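Owing to the predicted nature of the structure, the values given are computational and were not obtained by experimental measurement. Below, chain A is the first sequence line, B the second, and so on; all start at residue 1.
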Amino acid sequence: MKKNTEQLEREFQEKIDNEVKIEPKDWMPDAYRKNLIRQISQHAHSEVIGMQPEGNWITRAPSLRAKKILLAKIQDEGGHGLYLYSAAETLGVSRDTFLQWLHEGKAKYSSIFNYPTLNWADMGAIGWLVDGAAIVNQVSLQKTSYGPYSRAMVRICKEESFHQRQGYEIMTKMARGTKEQKQMAQDALNRFWWPALMMFGPHDSDSAHSSQSLKWKIKRESNDTLRQRFIDKTIPQAELIGLTVPDPDLELQPNGSYKTGEINWDEFWNVVKGNGPCNKQRLAHHKKAHDEGRWVREACLAFAEN
Amino acid sequence: MKNQLFKYTLRLGDNALILGHRLAENCSRGPYLEEDLSITNTSLDLLGQAEAFYKYAAKVEDAGRTEDDLAYKRPEIEFYNLQLTEQPNGDFAHIQVRQFFMDAFNYYLYLQLKESKDQTLAAIAAKSLKEVTYHLRRSSEWMIRLGKGTQESKQKMQQALEDLWQFTHEMFVADEVDETLLKEGIAADLQILKKHWNTKVNEILKQANLQRPEDGYHATGSKKGYHTEYLGYILAEMQYLPRAYPHAKW
Amino acid sequence: MKTKDNQGPLWEVFTQKKQGQPFRHSGSIHAYDKNLAIEAARDLFTRRNEGTGLWVVKSEHIIDVQPEDAESFFEPANDKIYRHPTFYEIPDGVKNM
């Protein structure tokens, strides 16, 4: 006997409530599938577009060690993009379609990658702050309800643990280095601090997808909870190496948690809508590589058929 | 002989560094994501080899320089990489043809060097040989895949062969450094290397339905520090931070 | 003439961490042919010493149990408790059985 939708939905929610993972062929509500497709592909695009701001410094890395580390890290981002595209594909959308949506501007990626990298300390700031923020989010996502997404997250978290450390190491060296290096470090923190806080998305009260995502356990914790966790972890790390967080309203509260000034949400929405410093450049770079690779992919397909 | 050994080791390091640097430039520009990662792996192998050779060169020189000094503080005229390695990425065909030529060269070079009487060179060569075996497998396959793929890919591969062929000649030009160290049982015999390289190249070109280009103009001079115009720009970019902030530690 | 352009078929990757251990599913990749598949698997899934063995298989060749068949496939095993050693009573004092 065929089950009706109501029954299926009830069973689905029961599984979620009992922490049973949902697998690709299991029944799931359309909205759950759509929500996941949006979130996972956005996450995958972020990893891949995220290769560019750091890629901007590969040819200028100042030591052999730094060059290898940076290149390996950027390669990891690409690898994480692959894990996530595969997870998203299990929901019935091909990678070609995801790429098409990205190029058409239908799919978003994290706005943080629309900021330029202007000095070498930015490589430190990205590892320390951007990966640091991403890790807080991803650790939480290891428990997401969709099996393939959860498995990708477990693998990614394992691999990313070196990313933040290498970033903080660069930042420490710069902050404790020559006068110019220290200036670069502070400048990098000044530019990346607020965009890093914005990575967690709008306040819970303004977040369109949040409450349903929490009910379905796609997201496990709210934007504001995760953001606060990141802030409380990061500020002492800045102080330890003598850098100043660019927030005049910053205040340590009696409970040990930090109260920050208000995020500039106009800037946030502007960059999300495509009007950030590097939005056009990042997308154009990706499209160009894709277009220039067409003849290679066509040749591969032709060769495989022979 | 110390001088010759220093120079010989530097050359090995320079080839690895400059080719690795060129491949690193390609990161985030691959034809599809899996290939982007694979090329980066090759680049990382080469950067590791460069580091190992420079460390040894610094030790041989014994003048207080480090591997980073050698990579970041030498001028163009003191770089001895083959001109082939510094040629721009161009399209994917140029990347793969350049890679195939160098992989075949490195493979047969390390095969000899792992028997070198210099134990450090022998050890680095033995380790590098494993990496290069994989590189050669991949670039040989790409030669065949693209040579036989579509009309367009075949034409692009043939064009890349024609463009880069002039830079293969100097791989086998021995100078006083090679000759001295060959007598000592330290360096590779470039005449033997040339024979192996030619056999491999002919074999793969045949399988790929590609034509071996005619010999014409031969680029040469890298063993004296003479390069194409491209190397200067590579170094300007690569060395900018250590040169602009000589007192900084990174 | 417009030629085809896509990412190629999907392949499943299995890695063996140490010799003697079972192969485990690591994830999937796109690749156009067998060589590219095994190489992409190597370059993606064994960068951190995660492998001494590697399998790839085209995803379309994997046969799996459909969710609607899961009950009839797996639940009949639930009551065969006599297949498990703890089902049996052994006198006290017998060691290592």
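Among the candidates A:Val296, A:Thr59, A:Leu70, the residue making the largest number of heavy-atom pairs closer than 4.5 Å to chain B is A:Thr59. The residue among A:Glu292, A:Glu180, A:Glu305 with the most heavy atom pairs within less than 4.5 Å of chain B is A:Glu180. The choice from B:Lys156, B:Glu67, B:Arg243 that makes the most heavy-atom pairs within less than 4.5 Å of chain A is B:Lys156. Contact count against chain B (heavy-atom pairs under 4.5 Å) is highest for A:His285 among A:Met174, A:His285, A:Arg297. Ranking A:Ser63, A:Gly81, A:Gly55, A:Gly79 against chain B, the residue ahead of the rest is A:Ser63, based on heavy-atom pairs under 4.5 Å. Of the residues considered (B:Thr40, B:Leu17, B:Thr66), B:Thr40 shows the highest number of contacts with chain A, using heavy-atom pairs under 4.5 Å. Contact count versus chain A (heavy atoms, under 4.5 Å) is highest, among B:Tyr72, B:Trp142, B:Tyr54, for B:Tyr72. Of the residues considered (A:Asp76, A:Ile58, A:Leu82), A:Leu82 shows the highest number of contacts with chain B, using heavy-atom pairs under 4.5 Å. Counting heavy-atom pairs closer than 4.5 Å to chain B, the top residue among A:Arg294, A:Lys67, A:His290 is A:Lys67.
Ion pairing between A:Arg155 and A:Glu160 fails under the 4.0 Å rule for side-chain N and carboxylate O. Taking 4.0 Å as the cut-off between side-chain N and carboxylate O, B:Arg11 and B:Asp14 do not count as a salt-bridged pair. Between A:Arg191 and A:Asp122, at least one side-chain nitrogen of the basic residue sits less than 4.0 Å from a carboxylate oxygen of the acidic one, meeting the salt-bridge criterion. Taking 4.0 Å as the cut-off between side-chain N and carboxylate O, B:Asp69 and B:Arg74 do not count as a salt-bridged pair. No salt bridge links A:Arg65 with B:Glu51; every basic N to acidic carboxylate O contact stays at or beyond 4.0 Å.
Listed for the A:Gln181 side chain is a donor-acceptor partner under 3.5 Å among the backbone atoms of B:Lys249. The backbone N or O of B:Trp250 lies less than 3.5 Å from a partner atom in the side chain of A:Lys173, making a donor-acceptor pair. Looking only at distances, no side-chain donor or acceptor of B:Thr9 sits under 3.5 Å from a matching main-chain atom of B:Ala57.
Heavy atoms of A:Ala66 lying under 4.5 Å from chain B are absent altogether. Interface residue B:Ala248: backbone and side-chain heavy atoms are both found under 4.5 Å from chain A. Using a 4.5 Å cut-off between heavy atoms, B:Phe92 touches chain A through backbone and side chain atoms alike. When heavy atoms are compared at a cutoff of 4.5 Å, A:Asn306 approaches chain B solely by way of its side chain, counted from C-beta outward. Using a 4.5 Å cut-off between heavy atoms, A:Met123 does not touch chain B at all. Both the backbone and the side chain of B:Ala93 come within contact range of chain A, judged by heavy atoms closer than 4.5 Å. Interface remark: B:Lys154 contributes no atoms to any contact with chain A (heavy atom separation under 4.5 Å). If you measure heavy-atom distances from A:Arg176 to chain B, you find no contacts under 4.5 Å at all.
More than 12 heavy atoms of other shown residues, nucleotides or ligands fall within 6.0 angstrom of atom CD in A:Glu104.
Within residues 226-240 of chain B, the residues having any heavy atom less than 4.5 Å from a heavy atom of chain A are, in residue-number order, B:Glu237, B:Met238, B:Tyr240. Interface with chain A: from residues 19-36 of chain B, residues B:His21, B:Ala24, B:Glu25, B:Cys27, B:Ser28, B:Arg29, B:Gly30, B:Pro31, B:Tyr32, B:Leu33, B:Glu34, B:Asp36 qualify, criterion being any non-hydrogen pair under 4.5 Å.
The shortest side-chain heavy-atom distance between B:Phe79 and B:Leu10 does not fall under the 4.5 Å cut-off. Using a 4.5 Å heavy-atom threshold, the side chains of B:Arg137 and B:Val132 count as separate.
Under 3.5 Å, the side chains of A:His286 and A:Gln52 contain no donor-acceptor pair of N or O atoms. When only modelled atom types and interatomic distance are considered, B:Glu131 and B:Gln49 share a side-chain donor-acceptor pair under 3.5 Å.
A:Trp128 has its ring centre no less than 6.0 Å from the ring centre of A:Phe192. The ring of B:His135 has its center no closer than 6.0 angstrom to the ring center of B:Tyr107.
The salt bridge (charged side-chain N to carboxylate O under 4.0 Å, His left out) analysis of residues 85-107 of chain B, with sequence neighbours excluded, yields no pairs. The salt bridge (charged side-chain N to carboxylate O under 4.0 Å, His left out) contacts involving residues 40-61 of chain A comprise A:Glu54-A:Lys73, where partners must be two or more places apart or lie in separate chains.
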Tell me, with the steps shown, if B:Leu12 and B:Leu113 meet side chain to side chain contact (heavy atoms under 4.5 Å, CB included). CA-CA 11 Å; B:Leu12 296 167; B:Leu113 277 186; 3.9 Å; yes
